[in-house]
There are 2 protein chains.
Amino acid sequence: MQPASALTLSRSAAAINGIRCLSGIATSEPSNPNVKTKIPGPKSDELKIAMAKVHQNPSVKMFVDYEKCFGNYLVDADGNEILDTFMQISSIPLGYNHPELVALHKDPRLITAAVSRPALGSFPRTDFAKLVDNALISIAPKGLSSVQTMLCGTSANENALKTAFIHYQTAKRGGKSPTAADLESCMNQQLPGTPHLSVLGFHGAFHGRSLAMLSVTRSKAVHKVDIPAHDWPIANFPRYKYPLEKHEEHNHAQDEKCLKEVRDLIAARKNDKRDVAAVIVEPIQSEGGDHHASAEFFHGLQKICKDNGVCFIVDEVQTGAGASGTMWAHEQWNLPSSPDIVTFSKKALIGGYYYKPEFKINEPYRIYNTWMGEPTKLVILEKAVEVMKRENLVKKTKEIGEELIKGLRRLESHYPQKVFNVRGMGTLVAFDTCDTQTRDKLMDIALQKGLQIGGCGDTSIRFRPALIFAEKHLQTTLDLLEKSIKTL
Amino acid sequence: MQPASALTLSRSAAAINGIRCLSGIATSEPSNPNVKTKIPGPKSDELKIAMAKVHQNPSVKMFVDYEKCFGNYLVDADGNEILDTFMQISSIPLGYNHPELVALHKDPRLITAAVSRPALGSFPRTDFAKLVDNALISIAPKGLSSVQTMLCGTSANENALKTAFIHYQTAKRGGKSPTAADLESCMNQQLPGTPHLSVLGFHGAFHGRSLAMLSVTRSKAVHKVDIPAHDWPIANFPRYKYPLEKHEEHNHAQDEKCLKEVRDLIAARKNDKRDVAAVIVEPIQSEGGDHHASAEFFHGLQKICKDNGVCFIVDEVQTGAGASGTMWAHEQWNLPSSPDIVTFSKKALIGGYYYKPEFKINEPYRIYNTWMGEPTKLVILEKAVEVMKRENLVKKTKEIGEELIKGLRRLESHYPQKVFNVRGMGTLVAFDTCDTQTRDKLMDIALQKGLQIGGCGDTSIRFRPALIFAEKHLQTTLDLLEKSIKTL
């Protein structure tokens with residue numbers, strides 16, 4: 001481990017790459033983790049007690065000194081310098097305190113948008129379209145040239161569903177706006193204005209924690225218990241055996257079985273006059289345990305949606321914005337045409353969704369709320385996208401992800417009782433352990449060595465590093481992980 | 001009207017009250033509106049066409065040059081200087097580009113929190129509790145000493161409902177955590193883990209636009225049509241006649257009728273084993289038409305909730321943070337004890353809710369999501385609260401609100417065919433016009449004179465100015481409004 005002095009903090013204004021930084025914010029990362037106390041340490045423990053007086057805190061892991069964090073390294077309240085491969089649940093694209101993003105504190109657009117925040121649906125900034133163009137359209141998936149900004153992943157998914165419902169009912173009306181009878185009956189939540197439509201989701205999925213999104217979220221009971229839900233249909237998502245090349249038959253059968261379930265459920269609901277208006281699916285079921293599915297499965301799923309006039313929504317909240325080794329994970333499926341709607345948030349900084357032209361809602365105030373996202377996020381994303389492109393970070397993420405998988409496969413071969421089912425796209429990489437207790441223990445041992453990794457599902461470990469995770473971070477990760485596995 | 005030069009813009013760094021401002025952001029407001037083109041003008045029209053290429057835009061009213069806005073004045077893309085009494089749907093507490101908030105661009109906490117955004121539920125900032133204390137606990141309603149931060153009003157309300165559901169089920173279990181049977185059955189959305197609980201709302205209410213919040217939102221059909229809903233009960237909200245003192249009997253009967261409906265609906269649902277777990281209500285039904293109810297009504301409502309073990313949620317998203325002339329509108333009811341939960345957003349900058357100690361959820365990851373709000377908002381709110389207190393803005397809002405009501409009553413007496421039912425709390429003031437067409441026309445005539453006012457319900461005008469709305473703005477408002485009414 002490095003001495004604490006290896007972490008160079010800018011106690012006064014410092015210059016990096018010609019960018020003057022704001023006093024008090026770190027400007028370089030340590031070369032190695034440096035652990036001084038147990039984690040969480042005594043200061044985190046103290047702060048947790050203080051927090052309990054004003055705000056619930058049972059899920060808090062540690063308190064973080066964000067001004068001291070830099071790049072791939074998090075610094076906690078006790079001064080521990082931790083290599084972070086989980087990055088605030090996969091949400092920091094360029095690592096902590098990226099100097100070009102910190103330099104935006106001098107951009108009048110950022111502070112104005114923060115303190116004079118627009119109601120975007122009614123009074124957008126004069127440069128709103130330009131910001132959307134630079135930040136979001138410039139990285140849009142092929143075939144999806146329109147976008148709707150929102151605040152977070154959940155509000156993106158909620159509004160994607162609303163768009164699908166409105167589209168479905170509009171199609172039923174032959175493209176017409178709601179009738180007087182629709183408008184009247186919806187105020188009492190009766191047919192025809194309030195339709196009995198449903199959304200099909202998958203076992204193991206996670207799409208957010210509002211009541212509607214919980215109705216298609218099936219990753220963990222703790223998210224769902226005690227909360228009323230919509231009676232919406234649920235299908236199985238493939239559960240593959242690894243390595244894939246040795247289990248083609250099983251895995252293909254999984255695809256077929258799950259697709260048949262989707263077809264049957266859509267047909268049953270149609271029969272029952274509770275039509276499925278949308279299917280929502282993650283490219284990788286992340287929270288649920290990093291379950292992957294084949295390109296063939298997604299081709300099949302899209303075809304079923306098309307055949308039934310059902311909106312095909314791909315939830316890229318966790319997989320989007322470069323982490324999969326392509327800008328969007330679904331691009332790796334080579335679909336004949338794009339999904340109908342692709343939702344995003346996390347590494348995209350702002351929430352929202354791309355949609356096909358035919359999913360544009362033409363009537364005002366149907367997809368609307370006070371803020372509809374926030375231009376500060378667009379100002380930051382605009383710069384982040386510039387950096388991502390200039391530095392080829394998506395391609396580098398693909399390459400380092402392949403190295404990460406290779407390294408984990410080596411661990412898998414050395415510790416076959418402890419590491420299984422290594423899988424990944426880009427740096428969205430995971431492996432399984434034998435049980436929940438072992439997985440949790442491994443995470444804690446690694447953390448005490450200064451390596452933060454994420455858990456998912458019941459027994460899996462997931463990596464969700466920033467797009468600046470490089471060779472040296474990979475070596476430290478594999479080294480500390482192997483040391484941790486050895487002590488299990 | 002003033003010449004354009006009256007708007008002093010800081011083309012270079014300028015100093016106001018000792019605060020150095022960021023170059024390019026306005027530092028003073030015009031003394032009067034200055035309208036140069038029709039509104040929206042040719043530049044707004046052009047920008048709307050550009051926006052259509054990348055983002056839906058049918059509800060856009062005008063594009064705004066936010067760097068040029070200051071105080072109570074908005075400057076649109078065409079350089080029109082407009083006195084804004086609607087303030088981004090009631091969401092800007094201290095007016096545009098308040099110098100002390102703009103000065104926060106130099107605060108390292110602001111930029112760090114923006115570019116290294118924490119997953120607050122797991123890795124909060126070391127100063128999180130302090131920020132919450134300064135920004136939110138220091139203005140907490142009496143009896144509500146804990147708070148949960150969220151991103152917006154809708155996520156605040158969604159999580160308030162979740163808290164109520166969890167509380168209700170926990171009480172049914174005698175205070176215990178969910179059983180194994182609960183945890184298993186909820187994954188298939190079956191009893192007992194997924195309960196048939198409901199939320200009681202009111203006709204005319206607005207609580208947000210997620211699917212669940214739409215199920216208790218009944219202000220306008222355009223919000224609800226084509227969207228599936230929870231089958232939850234709905235009661236009438238009082239509809240008073242004005243002036244109140246002349247219609248005591250009618251208004252009291254309204255209270256009684258509505259309270260009886262609430263009692264009956266709760267009893268019917270209990271009979272039907274679809275218990276009401278929460279009642280959600282606004283102090284003023286804002287979007288629905290600025291409908292007020294008496295302190296007696298809310299006392300009665302709280303008592304019914306207590307008698308039935310139902311969570312009493314007051315939605316102060318629009319009425320909170322000072323605009324009512326008290327920090328929270330419900331404080332004016334003098335309830336025997338505080339509501340169980342009070343939700344906020346808009347002028348509070350961050351979303352969230354205060355809750356009574358017994359509504360604290362003790363298990364981790366039940367009230368949780370990736371971001372759970374955002375510390376940048378707390379940094380700004382901390383300063384805004386400091387300004388509000390130092391400058392007595394809540395008391396001033398009460399006083400100027402009374403003057404606004406007086407002025408409107410004078411207009412009511414002069415134009416009895418055009419202005420009715422003047423009512424208000426603080427500057428949350430409204431009046432009715434004779435029909436929707438007249439209301440919309442009046443709003444447009446006023447806008448063309450440089451006065452922005454808001455509409456609500458079918459025929460109402462609402463004022464939602466910032467807390468810095470002062471005597472001179474009031475005089476301009478009444479003057480332009482009277483001129484507009486005359487031309488109707």
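First the proteins, then the strands, lettered A, B, ... as listed; each starts at 1.
- The candidate with the highest count of non-hydrogen atom pairs below 4.5 Å against chain B, out of Ser146(A), Ala212(A), Ala129(A), Pro108(A), is Pro108(A).
- Using a 4.5 Å cut-off between heavy atoms, Ala52(A) touches chain B through backbone and side chain atoms alike.
- Heavy atoms only, all atoms of each residue included: Pro58(A) and Ile361(B) are closest at CG-O, 4.3 Å.
- Using a 4.5 Å cut-off on side-chain heavy atoms (C-beta onward), Gln189(A) and Ser215(B) make contact.
- The aromatic ring centroids of His223(A) and Tyr368(B) lie 6.0 Å or more from each other.
- Residue Ser177(A): no heavy atom, backbone or side chain, is found under 4.5 Å from chain B.
- Neither the backbone nor the side chain of Glu184(A) has a heavy atom closer than 4.5 Å to any heavy atom of chain B.
- When every heavy atom of Cys186(A) is checked against every heavy atom of Lys224(B), the shortest pair comes out as O-CE, 3.2 Å.
- From Asn57(B), atom CG reaches atom CG of Asn362(A) across 9.5 Å, with rounding to the nearest 0.5 Å.
- Listed options Val147(B), Thr194(B), Leu47(B), Leu101(B) were ranked by heavy-atom pairs under 4.5 angstrom with chain A; first place goes to Val147(B).
- Of the possible polar contacts, none joining the Thr126(B) side chain to the Phe63(A) backbone as a donor-acceptor pair under 3.5 Å is found.
- Both the backbone and the side chain of Lys346(A) come within contact range of chain B, with heavy atoms under 4.5 Å apart.
- Asp226(B) and Lys162(A) are not joined by a salt bridge, as no carboxylate oxygen comes within less than 4.0 angstrom of a charged side-chain nitrogen.
- Heavy atoms closer than 4.5 Å to chain B are found in the side chain of Leu110(A), but not in its backbone.
- If you measure heavy-atom distances from Asn188(A) to chain B, the contacts under 4.5 Å come from both the backbone and the side chain.
- For the atom pair OG1 (Thr112(A)) and NE2 (His105(B)), the distance works out to 10.0 Å, reported to the nearest 0.5 Å.
- When each of His203(A), Lys61(A), Lys53(A), His196(A) is scored by its heavy-atom pairs under 4.5 Å with chain B, the top score falls to Lys61(A).
- Taking CE of Met51(A) as the start and CG of Asp133(B) as the end, the distance is 12.5 Å to the nearest 0.5 Å.
- Using a 4.0 Å cut-off between charged nitrogen and carboxylate oxygen, Arg125(A) and Glu67(B) count as a salt-bridge pair.
- Heavy-atom distances place both the backbone and the side chain of Pro118(A) under 4.5 Å from chain B.
- When every heavy atom of Trp371(B) is checked against every heavy atom of Leu151(A), the shortest pair comes out as CZ3-O, 4.0 Å.
- Ile367(A) touches chain B through backbone and side chain together, each having a heavy atom under 4.5 Å away.
- Neither the backbone nor the side chain of Arg274(A) comes within less than 4.5 Å of any heavy atom of chain B.
- Note on Ala119(A), Pro124(A), Pro195(A): by heavy-atom pairs under 4.5 Å with chain B, the leading option is Pro124(A).
- The side-chain hydrogen bond (donor to acceptor under 3.5 Å, both in side chains) test with Gln56(A) is passed by exactly one of Gln148(B), Arg366(B), Lys360(B): Gln148(B).
- Between chain B and the options Arg109(A), Lys172(A), His98(A), heavy-atom pairs under 4.5 Å are most frequent for Arg109(A).
- Chosen from Ile234(B), Asp182(B), Thr370(B), the residue pairing most often with chain A at heavy-atom distances under 4.5 Å is Thr370(B).
- The choice from Lys43(A), Lys220(A), Glu363(A), Lys377(A) that makes the most heavy-atom pairs within less than 4.5 Å of chain B is Lys377(A).
- Ring-plane geometry between Phe128(A) and His55(B) is classed as perpendicular, the angle between the planes exceeding 60 degrees on a 0 to 90 degree scale with a lower cut at 30.
- For Ile111(A), the part lying near chain B is the side chain, with the backbone staying farther off; criterion is any non-hydrogen pair under 4.5 Å.
- Taking Glu158(A), Gln169(A), Met187(A) one by one and counting their heavy-atom pairs under 4.5 Å with chain B, the maximum is reached by Met187(A).
- One finds the CD1 atom of Ile227(B) at 7.0 Å from the CZ atom of Phe165(A) (value rounded to the nearest 0.5 Å).
- Residue Met150(A): no heavy atom, backbone or side chain, is found under 4.5 Å from chain B.
- Residues Asn97(B) and Ser116(A) have side chains that bring a donor and an acceptor to within less than 3.5 angstrom of each other.
- Heavy atoms closer than 4.5 Å to chain B are found in the side chain of Gln452(A), but not in its backbone.
- Of all heavy-atom pairs between His230(A) and Ala229(B), the closest is CE1-C, 4.2 Å.
- Contact of Val132(A) with chain B is made through the side chain alone, with heavy-atom distances under 4.5 Å.
- Only the side chain of Ile137(A) comes within contact range of chain B, judged by heavy atoms closer than 4.5 Å.
- Remark: Phe123(A) CZ to Ser44(B) OG distance equals 10.5 Å, nearest 0.5 Å.
- Here the straight-line distance linking atom CG of Leu161(A) with atom OG of Ser210(B) works out to 11.0 Å at 0.5 Å rounding.
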